[in-house]
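Naming: A, B, ... by sequence-line order, numbering from 1 per chain. This structure is a prediction, so every number in the text was calculated from the model and none was measured. All heavy atoms count here, side chains included; hydrogens, waters and symmetry mates do not.
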Amino acid sequence: MSDLAWIEQAMTAARPQAVGALLRYFRDLDTAEEAFQNACLRALKAWPENGPPRDPAAWLIMVGRNAAIDQVRRQSRQAPLPAEDQISDLDDVESPLAERLDGAHYRDDILRLLFICCHPDLPPTQQIALALRIVSGLSVRQIARAFLVSESAMEQRITRAKGRIARADVPFEAPGAVERSERLAGVAAMVYLVFNEGYSAGPGEVAARSPLCEEAIRLARLLLRLFQAEPEVMGLTALLLIQHARSAARYDAEGEIILMEDQDRSLWNPGMIAEGLALIDKAMRHRRPGPYQIQAAIAALHARAATPSQTDWPQIDRLYAHLEILTPSPVITLNRAVAVSRVAGAQAALDMIAPLAERLAGYFHFFGVKGAFLLQLDRRDEAREAFGRAIALANTPAEAAHIRLHLDRLQQDGPGAA
Amino acid sequence: MLYAILCYNTEEIVTGWTQAEDDAVMASLDKVHQKLMDEGRFGPAIRLMPTTAATSLRREEGLVLDGPFVETKEQLLGFYIVDCKDLEEALDTARQLTKANPASGGGYEVRPLRLFLPGVPGIGAS
């Protein structure tokens, strides 16, 4: 790996901690970000000459702080200046610096930074955009490309999000235990949103959007390093790893979705699956199940099956039943019904989803799944009607195309066959 | 004489590699592996999963902890490779080792393997 590539990766890895510490110091997102940028520019010059510092994050924090203090002084903003003794000895940034930085702040800095990005005042799309910009350090152009919007629209979205953050009263003191766990849940949800943005890419969008999956995994790993004993964080990371492991098998050459059953399992990434399985294994030992762990356990059962016929559907049914209790939702019941159709047959599954009809009347998957159950029962006219509704509700061309395949097959068999 | 060569690097960076970057690193290392293999000097090579996948078993009260072994006073003295069906079985094995080991203090860290190359058969057997 070249020096420059190493430096770039060291900067990316150090970013959450460095921006988090700078934010604690300056209490302003733009100032913190700018300070970090400045530090990176200096690092690009200094590191190849002097060799990489022992602790890149500490180096970037110290240099970024200096640069920003200079600037703040020049602009004489209203923010109170830091005490002189904190900024006096900044010339030699290398040697005892790592020790001077307070390690206890480290976790809370990163958590605060993540928490700010998933502030309840922000709509989810802004949360994700802000996290990708501030925590991950993706450029506005990269984020815009991933969201399939123009650069100026994304710029606006991020600026608006920052404005809301500035107006909202963000606490800067270290959070207490209860608050920390509430924040953690919010951050986990945000990471999952980032992942889903990438995971739900349509045909032709995969190349642009799948980096979001990788970024979400990086964020999940970051959370896991901060909270090594939180089974839900293990579950989240496991879930993302196992789902992303299947990415190479999820679309065919034309960009059409390939259902898990029909995927070439040799294309699944064994390293990611192995790590996901190890993590969920570890999480279960805690006997504190939560939604991410259960979803990861379901994904793990699919991953463990060498062929679709070896899938442990009864266990998947039980896991969904548990998930229904923890987080009741018609969508989860719908997913459970797929497992039920394998265990108890299509009629039982159809009975299970019948009460959902009203609440899922606008939901593509409801009609896709319903059509598949009806088809299994050879109720062709009803199946055709359900698939028709599904196509009308499809969110992406790939979804519509997938349902159209079913319809075409029905058509080929001839309308008289019903 | 057998030598263990322990690999250290910043985990944040290594786990941040894309598949392509990771493959490139491994392909480059494989040239060295192959050379050692041809010379008949290559024993088992192991790549561990990240420390976040680690579980530790402390000797005191058989305490099980998430995460890697962090007691810096203690040094890595060696490691086993054991085939276990799950973490529980691995921890159970570690418990047996703890009981059998007369030393005080310390403990065992259980890290799932990411990669295992068995190397030249019989190496180190002499």
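- With chain A as the partner, the residue from B/S28, B/A24, B/A54 showing the most heavy-atom pairs under 4.5 Å is B/A54.
- In this structure B/F42 satisfies the ring-ring contact (aromatic ring centres under 6.0 Å, His included) test together with B/H33, sequence neighbours excluded.
- The shortest distance between side-chain heavy atoms of B/E12 and A/R225 falls below 4.5 Å.
- Neither the backbone nor the side chain of B/T10 comes within less than 4.5 Å of any heavy atom in chain A.
- Under 4.0 Å is where a charged nitrogen must lie from a carboxylate oxygen, and between B/E11 and A/R221 no such pair does.
- No donor-acceptor pair closer than 3.5 Å links the side chain of A/D281 to the backbone N or O of B/D86.
- For A/L224, the parts lying under 4.5 angstrom from a heavy atom of chain B are both the backbone and the side chain.
- For A/M284, no part lies under 4.5 angstrom from a heavy atom of chain B.
- B/L91 touches chain A through its side chain: at least one heavy atom from C-beta onward sits under 4.5 Å away, while N, CA, C and O do not.
- Annotation: A/R265, atom CZ; neighbour count of heavy atoms from other residues, nucleotides and ligands within 6.0 Å is above 12.
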Next on the checklist: The test is side chain to side chain contact (heavy atoms under 4.5 Å, CB included); show your working for A/R285 and B/V64 and say whether it passes.
Outcome noted: CA-CA 10 Å; A/R285 197 178 56 81; B/V64 176; 3.0 Å; yes
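- The contact between A/E275 and chain B is made by backbone and side chain atoms together, counting heavy-atom distances below 4.5 Å.
- Atom CG of B/D66 sits about 10.0 Å away from atom CG of A/L279, to the nearest 0.5 Å.
- Annotation for B/M49 and A/A278: closest pair SD-CB, 4.0 Å, computed over non-hydrogen atoms.
- At a cut-off of 3.5 Å, with distance as the only test, a side-chain donor of B/E21 or A/Q9 sits close to an acceptor on the other residue.
- With a 6.0 Å radius and a threshold of 12 heavy atoms from other residues, nucleotides or ligands, B/L6 has its CG atom above the threshold.
- Partners of A/W268 under the ring-ring contact (aromatic ring centres under 6.0 Å, His included) rule, at least two apart in sequence or in another chain, do not exist in this structure.
- Going from atom OG1 of B/T15 over to atom CG of A/L222 covers 10.0 Å, rounded to the nearest 0.5 Å.
- Taking CD1 of A/I280 as the start and CG of B/L87 as the end, the distance is 12.0 Å to the nearest 0.5 Å.
- The environment of CZ in B/F79 is sparse: at most 12 heavy-atom neighbours from other residues, nucleotides or ligands sit within 6.0 Å.
- Environment of CG in A/N50: crowded, with over 12 heavy atoms of neighbouring residues, nucleotides or ligands closer than 6.0 Å.
- Under the 3.5 Å distance criterion, the side-chain polar atoms of A/K282 are left unmatched by any main-chain donor or acceptor of B/T55.
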